[in-house]
Amino acid sequence: MCRNPAVFVCLSVRASRGDNSPCALWLSDMRLLSQAVKFAVTHPEKSRRHFWGWLNAVFNKVDYERIKAVGPDRAAAEWLLRCGAKVRFQDFDRWHHDYNALPTGSLGRYKIQAIDATESCIMYKGFDYLDGLKHLEEVKFNKCIYIEDACLERLTSIENLQESLYMMEVVSCGNVTDKGIIALHKLRNLEYLFLSDLPGIKDRQTTVDRLQTALPRLEIQLDLD
């Protein structure tokens, strides 16, 4: 889950200054956040877990005006990084994980080519940020507690991604079942798929056979024992 202290510094300082930056745009009511933080600190562990779930949901709220203002790739990168994921842009070798170090430039200059969502808090409600991505080729979902079948079905329903995605990894995502993996057959150009530690997959052979039938060129690597 997203528990990076830097996030809270950015939220508190910039919002209190009235800074119209991406950080300040995350929360429309900082007083509500302050009350929630106080509640989490003073209540038992169960209540604190509820707080983190609420905060992660806030991080995943889609800001459609932000998408219009800065373009789909920049807005998606901001969403992914504030949720703890990493992105790699076209013509870059390194991954970007620092929200405040995202490259700047003309609108639409930087295109997301790869997403590494390892241990991030991305969830279904934020997947609208992916709709405008046209150059995304690789996605890694590793130890993502909020990734579920609906997320994979949503991702594979996006026409741009049906064409562009060619590599995926789904690892240690306990809410993913055969249904979600089978949905990947819509990714027409998928060439490599790595599946590991997915206890929700109950009929491995049938699931693999359905994918291979739909995508004959797909290489599937399994570590599901």
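Computed from a predicted model, the values in this text were never measured in an experiment.
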Problem set entry | Side-chain donor-acceptor contact under 3.5 Å, N60 with Y129 | no
Exercise. For the hydrophobic clusters of this structure (ILVMFWY residues joined by side-chain heavy atoms under 4.5 Å, transitively), does one cluster hold both L152 and F127?
Worked result: yes
Exercise. Backbone N or O of L218 within a donor-acceptor pair of the Q212 side chain at under 3.5 Å?
Worked result: yes
Seminar exercise, completed: In short, L102 meets A77 closest at the heavy-atom pair CD2-CB, 4.2 Å
Exercise. Hey, any chance F141 and I182 share a hydrophobic cluster, counting ILVMFWY side chains that come within less than 4.5 Å of each other, even indirectly?
Worked result: no
Exercise. What pair of heavy atoms forms the shortest contact from H185 to L215, and how long is it?
Worked result: O-CD2, 3.7 Å
Seminar exercise, completed: OG of S196 to CG of N142, rounded to nearest 0.5 Å, is 8.0 Å
Seminar exercise, completed: dist E191:CD -> M168:CE (nearest 0.5 Å) comes out at 14.0 Å
For this session: Spell out, yes or no, whether Y124 and I158 are grouped together once hydrophobic residues are joined by side-chain heavy atoms under 4.5 Å, including indirect joins.
Result: no
Exercise. Between I122 and A117, which heavy-atom pair has the shortest distance, and what is it?
Worked result: CD1-CB, 3.7 Å
Problem set entry | Euclidean distance, L130 CG relative to I115 CD1, rounded to 0.5 Å | 5.5 Å
Problem set entry | Backbone of L195 reached by a side-chain donor or acceptor of D223 within 3.5 Å | no
For this session: Find the distance between OG (S172) and CG (L198) and round it off to the nearest 0.5 Å.
Result: 7.0 Å
For this session: Could you walk me through whether F89 and Q113 pass the side-chain contact (heavy atoms from CB on, under 4.5 Å) test, one step at a time?
Result: CA-CA 5 Å; F89 295 103; Q113 187 175 41; over 6 Å; no
Exercise. Under the 3.5 angstrom rule, does the side chain of R82 hit a backbone N or O of F59 as a donor-acceptor pair?
Worked result: yes
For this session: Looking only at non-hydrogen atoms, find the nearest pair between S120 and A85 and report the distance.
Result: CB-N, 3.7 Å
Exercise. Do the non-hydrogen side-chain atoms of L133 and N160 ever get within less than 4.5 Å of each other?
Worked result: no
For this session: Report the distance from atom CZ of R88 to atom CD1 of I112, rounding to the nearest 0.5 Å.
Result: 11.5 Å
For this session: Mind running side-chain contact (heavy atoms from CB on, under 4.5 Å) on L161 and L155 for me, showing each step along the way?
Result: CA-CA 7 Å; L161 304 188; L155 181 146; 4.0 Å; yes
Exercise. In Å, rounded to the nearest 0.5 Å, how long is the span from CH2 of W95 to NZ of K86?
Worked result: 7.0 Å
Exercise. Are the charged groups of R210 and D178 less than 4.0 angstrom apart, N to O?
Worked result: no
Exercise. Going through the checks in order, is the side-chain contact (heavy atoms from CB on, under 4.5 Å) test met by I181 and V208?
Worked result: CA-CA 9 Å; I181 299 302; V208 169; over 6 Å; no
For this session: Please check if atom NE2 in H135 has more than 12 non-hydrogen atoms from other residues, nucleotides or ligands closer than 6.0 Å.
Result: yes
Exercise. Do any N or O atoms from the side chain of Q162 and from the backbone of T156 form a donor-acceptor pair under 3.5 angstrom?
Worked result: yes
Exercise. Should side-chain heavy atoms under 4.5 Å link Ile, Leu, Val, Met, Phe, Trp and Tyr, which residues sit in the same cluster as F194?
Worked result: Y166, M167, V171, Y192
Problem set entry | K134 (side chain) donor-acceptor with D131 (main chain) under 3.5 angstrom | no
Exercise. Minimum heavy-atom separation for L165 to E138, with atom names?
Worked result: CD2-N, 3.8 Å
Exercise. Is there a path of hydrophobic side-chain contacts, each under 4.5 Å between heavy atoms of I, L, V, M, F, W or Y residues, that connects L222 with L187?
Worked result: yes
Exercise. Considering all heavy atoms of both residues, which atom of A101 and which atom of H96 are nearest to each other, and what is their separation?
Worked result: O-CD2, 4.0 Å
For this session: Could you give me the CA-CA distance, side-chain angles and deciding distance for E153 and K179, then say whether side-chain contact (heavy atoms from CB on, under 4.5 Å) is met?
Result: CA-CA 9 Å; E153 291 172 329; K179 181 181 178 182; 2.9 Å; yes
For this session: Would you check if the side chain of S157 reaches a backbone N or O of R154 as a donor-acceptor pair within less than 3.5 Å?
Result: yes
Problem set entry | Flag, side chain of D149 to backbone of G180, donor-acceptor distance under 3.5 Å | yes
Exercise. Under 4.5 Å between any side-chain heavy atoms of T177 and I201, yes or no?
Worked result: no
